[in-house]
Protein chains: 2
Amino acid sequence: MASLGDLERSVMDLLWDSAEPLTANDLRDDLAALGTDAKELAVTTVLTVLARLEKKGLVERERTTRPHRYAASSSREDHTVGLLNDALGTAQDREAVLARFIGGISPDEAASLRAILDSVKSA
Amino acid sequence: MASLGDLERSVMDLLWDSAEPLTANDLRDDLAALGTDAKELAVTTVLTVLARLEKKGLVERERTTRPHRYAASSSREDHTVGLLNDALGTAQDREAVLARFIGGISPDEAASLRAILDSVKSA
DNA sequence: CCCTCTCTTTTACATGCCGTAGAAATATTG
DNA sequence: CAATATTTCTACGGCATGTAAAAGAGAGGG
């Protein structure tokens, strides 16, 4: 899967957090408002990364409206799941990895994992 | 964490699969033997990637022996766990991600996950 | 002690990704 | 149609990676 640069990541975070599709100008403003960075990027910069994200299949663009509007093509969670599966690979050592992973999580999370597993079983 | 290029990845795979530390020449030969690629890289190429992997903290080098010998500094599984945690990030939506992830795994794997969780609980 | 052989370090270059944005083309609107 | 907004094209610097030649360094034979 495609890994993201810092700016690409920031843009995706904004898109994921937005209920509505956003324009490049929206994103430029939101990026400037982030932190105390006071970035103030050029709009063309934002458009470039949006085009790249679109090519990577991470965002979809509405070309019908005039300021084009962009939205994430899948949820942040689904994207992260994709990353997880990438990291796990098609390898056969998945179980060994999962065992170690679970060994490192908090008891709380272990409990919710168990709950999730149970709900899946019953389904 | 550091992501790996194709050649770096191949080298790490060989080191992970080897019980013994390997020399650059060993690795060059092993790489050439991989698949039907018939790569036949220069040894300096292998040394360069080994130096980079060492800088990334992924391999350790024995400088005492004359052909230096290289070994992975952590197991493949531990490395993958690191990748998983990177992918999960420090985000707050870990549970949502894990829920989706588990929804996508095979029943077999769900069963072994449950077993792993149970063994952790009892520990 | 020097030569040669082997091994390591240094330096280099091409490619591709990413941040960044000006210039040019195109659409909107008054 | 002219001015303005929006998008596309083109570009460049930096960094990671694959690739390796060139140069430096240690070690044994003569």
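Note on naming: letters A, B, ... go to the chains in the order of the sequence lines (proteins, then strands), and numbering restarts at 1 for each one. The model shown is predicted, which means the values in this text are computed figures rather than measured ones.
- Between B:Glu54 and B:Arg63 there is a salt bridge, since at least one side-chain N of the basic residue sits less than 4.0 Å from a carboxylate O of the acidic one.
- Here C:dC7 presents its P atom at 12 Å from CG of B:Asp29, a figure rounded to the nearest Å.
- If you find the closest nucleotide of DNA chain C to B:Asn25 and to A:Leu41, the one lying nearer the 5' end belongs to B:Asn25.
- One interatomic measurement links the two molecules: CG of A:Leu50 to C1' of D:dT8, which rounds to 13 Å at whole-angstrom precision.
- In this structure, B:Leu22 CG and B:Leu27 CG are separated by 5.0 Å, a value rounded to the nearest 0.5 Å.
- A donor-acceptor pair is defined here as one N or O able to donate and one able to accept, closer than 3.5 Å; such a pair exists between the side chain of B:Ser106 and the backbone of B:Glu109.
- Electrostatic pairing of A:Asp118 and A:Arg114 does not count as a salt bridge here, judged by no charged N lying under 4.0 Å from a carboxylate O.
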Detail all sub-3.5 Å separations between protein N/O atoms and N/O atoms belonging to nucleotides 9-14 of chain C.
{"from": "C:dT9", "atom 1": "OP2", "to": "B:Arg61", "atom 2": "NH1", "distance (Å)": "2.7"}

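- Atoms CD (B:Glu40) and P (D:dG18) sit 18 Å apart, rounded to a whole Å.
- B:Arg69 has no carboxylate O lying under 4.0 Å from a charged side-chain N of B:Asp26, or vice versa, which leaves the two without a salt bridge.
- Across D:dT19, D:dT17, C:dC7, the shortest atom-to-atom separation from the side chain of B:Ser3 is found for D:dT17.
- Here the CZ-NE2 distance, from A:Arg61 to A:His68, works out to 6.0 Å after rounding to the nearest 0.5 Å.
- The nearest whole Å value for the distance from the CG atom in B:Leu31 to the P atom in D:dG18 is 11 Å.
- At C:dA21, one or more side-chain N or O atoms of A:Thr45 fall inside 4.0 Å of OP1 or OP2 (strictly under the cut-off).
- Between A:Glu8 and A:Arg52, none of the side-chain N atoms (NZ, or NE/NH1/NH2) sits under 4.0 Å from a carboxylate O, so this pair counts as no salt bridge.
- Look at CG on B:Leu53: it is 9 Å from P on D:dG18, rounded to the nearest Å.
- The separation between B:Arg66 atom CZ and C:dT6 atom P is 13 Å, rounded to whole Å.
- Regarding B:Glu62, its CD atom lies at a distance of 16 Å from the C1' atom of C:dC7, rounded to whole Å.
- Interface residues of residues 5-24 of chain B facing DNA chain D, ordered by number: B:Gly5, B:Asp6, B:Leu7, B:Glu8; criterion, heavy-atom separation under 4.0 Å.
- B:Lys56 places a side-chain N or O within donor-acceptor distance of the main-chain N or O of B:Ser3, the cut-off being under 3.5 Å.
- In this structure, A:Lys55 reaches neither bases nor backbone, as no heavy-atom distance under 4.0 Å exists between it and the strands shown.
- Rounding to whole angstrom units, CZ of residue B:Arg28 and C1' of D:dT19 are separated by 15 Å.
- Contacts of A:His79 classified as ring pair (Phe, Tyr, Trp, His ring centres under 6.0 Å), with partners at least two apart in sequence or in another chain: A:Trp16.
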